[in-house]
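All heavy atoms count here, side chains included; hydrogens, waters and symmetry mates do not. It should be emphasised that the depicted structure is a prediction, and the values quoted were computed from it without experimental measurement. Numbers restart at 1 for each chain; the letters A, B, ... are given by sequence-line order, proteins then strands.
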Amino acid sequence: MARRLEFDFYNRDVLEVAPELVGKTLVRSFNDGLIQRFIITEVEAYRGAEDLACHASKGRTPRTEVMFRSGGLVYVYLIYGMYWMLNIVTGETNNPQAVLIRGLEDCYGPGRLTKKLMIGKDFYGENLMESQRLWVEENNNKYNINRAPRIGVDYAGEFWSSKPWRFFTNNIK
DNA sequence: CGCAAGATTGGC
DNA sequence: CCAATCTTGCGT
């Protein structure tokens, strides 16, 4: 079994953490003992209060509060009344950042993968360094990383929506 | 307190 | 192309 990623991995700038999360293994453990592992294939970085595409640009609210904490926690929110978005908080305290998990091997789409992994509201604030039901493991295989603009953030204006803060690999399906 | 919009998806 | 579906943040 591979090593679980710890605090020092997450507590860095999101632009360092996000591309390194691609190729790592997301692990979901269920009550009945079933454990599922998926390689992360696509992510997006949301970086600080100044990033108008980042929810934290709205300030510290009940929803965005967890992003203001230190790295390694989970930020989940409901979009379009239907889909839960899974994010991993990064960076130091009071520097609101998060990585949106957009794709896993065999499962593309941020709304689809949370449905598949049964991740919802009750994962808000989950500690990936201690959780018994969700964490990320090291993966020593190397994958090439591609960069592209983030998806669905035109509302933030071209300056922010054009930043190449989506990271993905095509080594894996 | 009302309301418009949303880090999406699947169906027509 | 567009409806679904409901939380959130902001304006009144």
Original post:
Should the pair A:Glu42-A:Arg166 be classified as a salt bridge under the 4.0 Å nitrogen-to-oxygen rule?
Top reply: yes

**OP:** Tell me yes or no: between the side chains of A:Arg133 and A:Asn31, is some donor less than 3.5 Å from an acceptor?
**Re:** no

**OP:** Carefully, step by step, assess A:His55 and A:Tyr46 under the rule ring pair (Phe, Tyr, Trp, His ring centres under 6.0 Å).
**Re:** CA-CA 8 Å; A:His55 291 163; A:Tyr46 288 84; 7.3 Å; no

Original post:
Taking DNA chain C as the partner, which of residues 74-84 of chain A come within under 4.0 angstrom of it by heavy atom?
Top reply: A:Leu78, A:Tyr80, A:Gly81, A:Met82

Original post:
Does the side chain of A:Gln97 come under 3.5 Å of the side chain of A:Thr90 through a donor N or O and an acceptor N or O?
Top reply: yes

Subject >> Nearest-Å distance for atom pair CE/P, residues A:Met85 and C:dT5 >> reply: 16 Å

**OP:** Figure out the CZ/P separation between A:Arg112 and B:dG11, and round it to whole Å.
**Re:** 10 Å

Original post:
Between A:Thr25 and A:Asn139, is there a donor-acceptor pair closer than 3.5 Å when you use the side chain of the first and the backbone of the second?
Top reply: no

**OP:** Using whole Å, report how far CG of A:Asp154 lies from C1' of B:dA5.
**Re:** 14 Å

Original post:
About how many Å separate CH2 of A:Trp165 and CD of A:Glu44, when rounded to the nearest 0.5 Å?
Top reply: 11.5 Å

Original post:
Whole-Å distance between B:dA7 P and A:Asp51 CG?
Top reply: 11 Å

**OP:** Answer yes or no for A:Arg28 and A:Phe30: cation-pi contact, defined as NZ/CZ to six-membered ring centre under 6.0 Å and angle to ring axis within 45°.
**Re:** yes

Original post:
Going by heavy atoms closer than 4.0 Å, what residues in residues 55-68 of chain A are next to DNA chain C?
Top reply: A:Lys58, A:Thr61, A:Arg63

Subject >> For DNA chain C, the dot-bracket pattern of Watson-Crick and G-U pairs whose distances stay under 3.5 Å, | for other-strand partners >> reply: ||||.||||||.

**OP:** Let me know the distance between CD of A:Glu42 and C1' of B:dT8, rounded to the nearest Å.
**Re:** 13 Å

Original post:
Are A:Arg166 and B:dA7 close enough that a side-chain N or O sits under 4.0 Å from OP1 or OP2?
Top reply: no

Original post:
About how many Å separate OG1 of A:Thr169 and CD1 of A:Ile39, when rounded to the nearest 0.5 Å?
Top reply: 9.5 Å

Original post:
In whole angstrom, what separates A:Asn87's CG from B:dT8's C1'?
Top reply: 14 Å

Original post:
Distance from A:Phe9 atom CZ to A:Glu138 atom CD, nearest 0.5 Å?
Top reply: 7.5 Å

Subject >> Ring centroids of A:Tyr46 and B:dA7 base under 5.5 Å with planes under 30° >> reply: yes

Original post:
Does one side chain, of A:Ser70 or A:Glu92, offer a donor that lies under 3.5 Å from an acceptor on the other?
Top reply: no

Original post:
Just by modelled atom types, is the A:Gly103 backbone N or O under 3.5 Å from a matching donor or acceptor in the A:Thr41 side chain?
Top reply: yes

